[in-house]
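Structure, as structure tokens:
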Amino acid sequence: MRRFLITILLWTLQNNIALSQSKQVGGPCQDCEALLDYKMLNISPNSIDTLSGFHENDPKIKITGTVFQKDGKTPASNVILYVYHVDRNGIYQPSDNPTGWEKRHGQHRGWLKTNKNGEYTFYTFRPAPYPEVQEPEHIHIYIKEPNTIPYYIDSYLFESDPTLTEDKKQSLKNRGGSGIVRLEMKNAIWTANRDLILGLNIPNYK
Ligand SMILES: [Fe+2]
């Protein structure tokens with residue numbers, strides 16, 4: 001038990017030192033450190049991932065894209081993306097034995113690391129809207145560049161979502177570029193593309 005506590009303590013300390021040496025970008029974020037859970041879970045993020053619940057839920061979706069540097073042209077490799085969303089009841093539902101931020105973010109989450117061409121792909125299912133609060137269906141995304149702290153960008157939103165009103169669209173900050181995607185049926189799965197531009201509309205980004 002004692003060894004376990006010391007390991008956790010050292011791990012937290014290492015994380016804190018690493019983060020204090022990273023570029024502080026993106027402004028306040030209360031839960032962006034959740035991105036770092038992959039270390040605790042011994043996950044090595046790949047450029048392709050399938051979130052838990054994909055096989056059990058419909059409609060299934062595939063989201064692909066390329067992450068670019070601030071110039072909008074140079075592909076950005078080795079960028080970690082953390083995505084999470086509610087289940088088909090609109091709930092951030094953890095599994096029976098949740099680990100880390102799963103308690104808050106639910107079990108439908110995953111990590112990606114862009115490949116040498118800046119590309120990423122993930123498979124999941126379309127989240128439902130929240131049951132009570134009027135909010136468009138969305139998939140949260142936080143990112144971490146090799147030299148930054150984790151920060152959030154605009155969530156993925158769906159063009160076909162009737163609750164995505166004109167007012168809501170106008171209120172978006174377009175962090176990393178617009179998060180609104182259009183789903184199209186391709187190879188029997190609803191597919192969307194979203195490219196990201198690092199630093200676009202991100203506070204304190206140099
Ligand atoms: Fe949310």
Side-chain angles (χ1 to χ4, degrees), residues 25-38 40-41 43 45 49-54 56-65 67 79-96 98-112 120-144 148-183 190-196 200-203:
V25 299
C29 178
Q30 50 174 297
D31 60 356
C32 283
E33 69 186 68
L35 176 144
L36 301 171
D37 271 1
Y38 75 90
M40 179 190 66
L41 296 166
I43 291 171
D49 192 37
T50 300
L51 273 57
S52 81
F54 171 75
E56 299 81 5
N57 290 281
D58 288 302
K60 299 183 198 312
I61 60 173
K62 173 186 180 184
I63 297 185
T64 65
V67 180
V79 177
I80 306 278
L81 315 181
Y82 168 64
V83 291
Y84 71 97
H85 62 78
V86 294
D87 62 14
R88 290 299 302 160
N89 296 314
I91 307 291
Y92 291 106
Q93 185 68 54
S95 63
D96 292 339
T99 39
W101 279 86
E102 185 191 336
K103 297 179 191 95
R104 292 267 298 277
H105 289 178
Q107 60 189 292
H108 308 300
R109 61 185 195 146
W111 291 265
L112 299 144
Y120 73 92
T121 298
F122 66 94
Y123 294 84
T124 189
F125 59 92
R126 188 165 171 170
Y130 291 149
E132 282 158 15
V133 188
Q134 171 90 354
E135 181 75 24
E137 299 158 13
H138 58 280
I139 299 175
H140 291 278
I141 170 166
Y142 302 163
I143 67 181
K144 184 186 180 313
T148 71
I149 59 165
Y151 61 96
Y152 72 94
I153 60 172
D154 270 31
S155 297
Y156 294 87
L157 300 170
F158 303 96
E159 198 184 61
S160 55
D161 181 351
T163 69
L164 182 57
T165 59
E166 216 38 58
D167 274 1
K168 177 70 190 174
K169 285 183 189 168
Q170 295 303 324
S171 73
L172 297 170
K173 300 273 191 293
N174 295 320
R175 290 171 63 120
S178 171
I180 302 174
V181 296
R182 176 183 298 179
L183 291 168
W190 288 106
T191 304
N193 185 82
R194 179 191 183 186
D195 294 342
L196 307 174
L200 185 62
N201 304 317
I202 302 297

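Fair warning: this is a prediction, and the values are worked out from it, not measured in the lab. Just so you know, these numbers use all the heavy atoms, side chains as well, and skip hydrogens, waters and symmetry mates. Counting starts at 1 for both ligands and their atoms, in listed order.
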Would a line drawn from the ring center of Y156 to the ring center of H140 be shorter than 6.0 Å?
-> no

Is any N, O or S atom of H140 under 2.8 Å away from the Fe ion (ligand 1)?
-> yes

Does the gap between the ring centers of Y82 and Y84 come in under 6.0 Å?
-> yes

Have a look at the Fe ion (ligand 1) and estimate, to 10 degrees, the angle subtended by NE2 (H138) and OH (Y92).
-> 110°

Taking atom types as modelled, is there a side-chain donor on R126 or S160 under 3.5 Å from an acceptor on the other?
-> yes

State whether S155 contributes an N/O/S atom found under 2.8 Å from the Fe ion (ligand 1).
-> no

Report the relative orientation of the aromatic rings in Y120 and F122; use parallel for angles under 30°, tilted for 30 to 60°, perpendicular for over 60°.
-> parallel

